[in-house]
Amino acid sequence: MRFLCDCMLGTLAKWLRILGYDTLYFKFAEDDFLKSLSEKEERILLTKDRELFEKCLNSYLVNSKEVKGQLIEVVNRFCLKKQESRCSVCNGELIKVSKESVKDTVPPYVFKTNEIFFKCASCGKVYWQGTHIDRINNFIEKVFLDRDCE
Ligand SMILES: [Zn+2]
C-alpha cells in the first residue's frame, strides 16, 4: 500500500514514512498533478480537501486537525502495521550500516552512546536508536492503542 499526501498533510506523510509506508508529499502541487500521480502509481491520495477527494477515485478524506488524530484515522482505515521505517525526510529506504562507517558523520556523543545506525539510500541521512526514536515509539504506541482493526 502506497500513499500520496496533499500539501496540507506534510507531517502525516512524515509519520507514515516512519511507519514504513512509501509516501510521497509535495509542498506545492496542483490538484490535477496529485490526481494523475495517484492514478499512475496506484497511490492512495490522502487529502483534507473535499473537492480533491471527490475528484479522485483512490482517495481518503482526512478529518482530524491534529496529526495524532490523522494518523489514527489512516491506521484504522487501511489497517496499517509498523514496518521497517523509511526516511522521514525523503521517503528513501533505510539501510543498516556499520557503526564505523558513520564515525565522521554523527556527533561524537551519538557515536559513543549508540550501536545501531541506519542510512537513507537516497539522501544519506543517518538515523540511530536513542531518545529521538524512543519519543517516536511512544507516539506510535499511543496511536496503536487507539487502533480498532485487526
Ligand atoms: Zn532520505
Side-chain angles (χ1 to χ4, degrees), residues 1-49 52-53 56 58-62 64-144 146-147:
M1 199 175 299
R2 303 192 298 172
F3 296 100
L4 171 60
C5 284
D6 82 9
C7 306
M8 292 169 72
L9 295 172
T11 312
L12 177 63
K14 196 185 95 176
W15 280 103
L16 288 170
R17 290 169 181 167
I18 291 168
L19 278 187
Y21 287 87
D22 180 341
T23 305
L24 294 184
Y25 165 73
F26 302 91
K27 218 171 194 160
F28 305 100
E30 301 287 340
D31 284 6
D32 288 344
F33 169 79
L34 294 173
K35 181 178 184 290
S36 69
L37 187 62
S38 135
E39 286 163 4
K40 200 173 85 193
E41 298 193 358
E42 293 181 355
R43 292 177 179 277
I44 299 162
L45 174 67
L46 304 174
T47 180
K48 285 194 70 66
D49 179 346
L52 180 58
F53 165 68
C56 189
N58 196 15
S59 63
Y60 173 75
L61 186 64
V62 176
S64 301
K65 284 200 175 62
E66 40 82 45
V67 69
K68 187 187 169 203
Q70 293 171 348
L71 194 59
I72 289 169
E73 266 183 62
V74 176
V75 161
N76 283 325
R77 172 63 182 79
F78 299 101
C79 267
L80 304 187
K81 297 179 174 70
K82 176 77 181 80
Q83 312 177 121
E84 296 287 323
S85 292
R86 300 177 75 92
C87 179
S88 63
V89 178
C90 81
N91 195 39
E93 272 181 67
L94 299 188
I95 316 280
K96 201 168 174 186
V97 292
S98 72
K99 182 169 170 157
E100 274 312 306
S101 74
V102 298
K103 190 167 199 276
D104 299 325
T105 319
V106 301
Y109 173 79
V110 169
F111 184 77
K112 219 163 77 182
T113 53
N114 289 276
E115 296 303 322
I116 298 171
F117 294 88
F118 296 90
K119 195 171 188 173
C120 172
S122 299
C123 76
K125 185 178 159 71
V126 175
Y127 291 82
W128 55 87
Q129 303 285 340
T131 53
H132 184 55
I133 299 265
D134 291 342
R135 270 209 308 278
I136 286 173
N137 285 341
N138 284 340
F139 181 81
I140 284 177
E141 253 167 48
K142 278 189 207 121
V143 164
F144 279 86
D146 292 331
R147 185 173 182 265

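Counting convention: from 1, in listed order, for ligands and their atoms alike. Computed from heavy atoms alone, side chains included, the values below leave out hydrogens, waters and symmetry copies. The first residue in the sequence is number 1, and the count goes up from there.
Around the Zn ion (ligand 1), protein N, O or S atoms at less than 2.8 Å number 4.
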task = Check the pair Val62 / Asp6 against side-chain contact (heavy atoms from CB on, under 4.5 Å), numbers first and verdict last.
result = CA-CA 10 Å; Val62 176; Asp6 82 9; over 6 Å; no

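In this structure, a donor-acceptor pair under 3.5 Å is absent between the side chains of Ser122 and Lys125.
Considering only heavy atoms from C-beta on, Ile116 comes within 4.5 Å of Lys96 through its side chain.
A salt bridge is absent between Arg2 and Glu42; no separation between the charged side-chain nitrogens and carboxylate oxygens falls under 4.0 Å.
Stacking of Lys99 on the aromatic ring of Phe111 is recorded, both the 6.0 Å distance cut-off and the 45° axial limit being met.
If you take CG on Asn91 and CZ on Arg17, they are separated by 4.5 Å, rounding to the nearest 0.5 Å.
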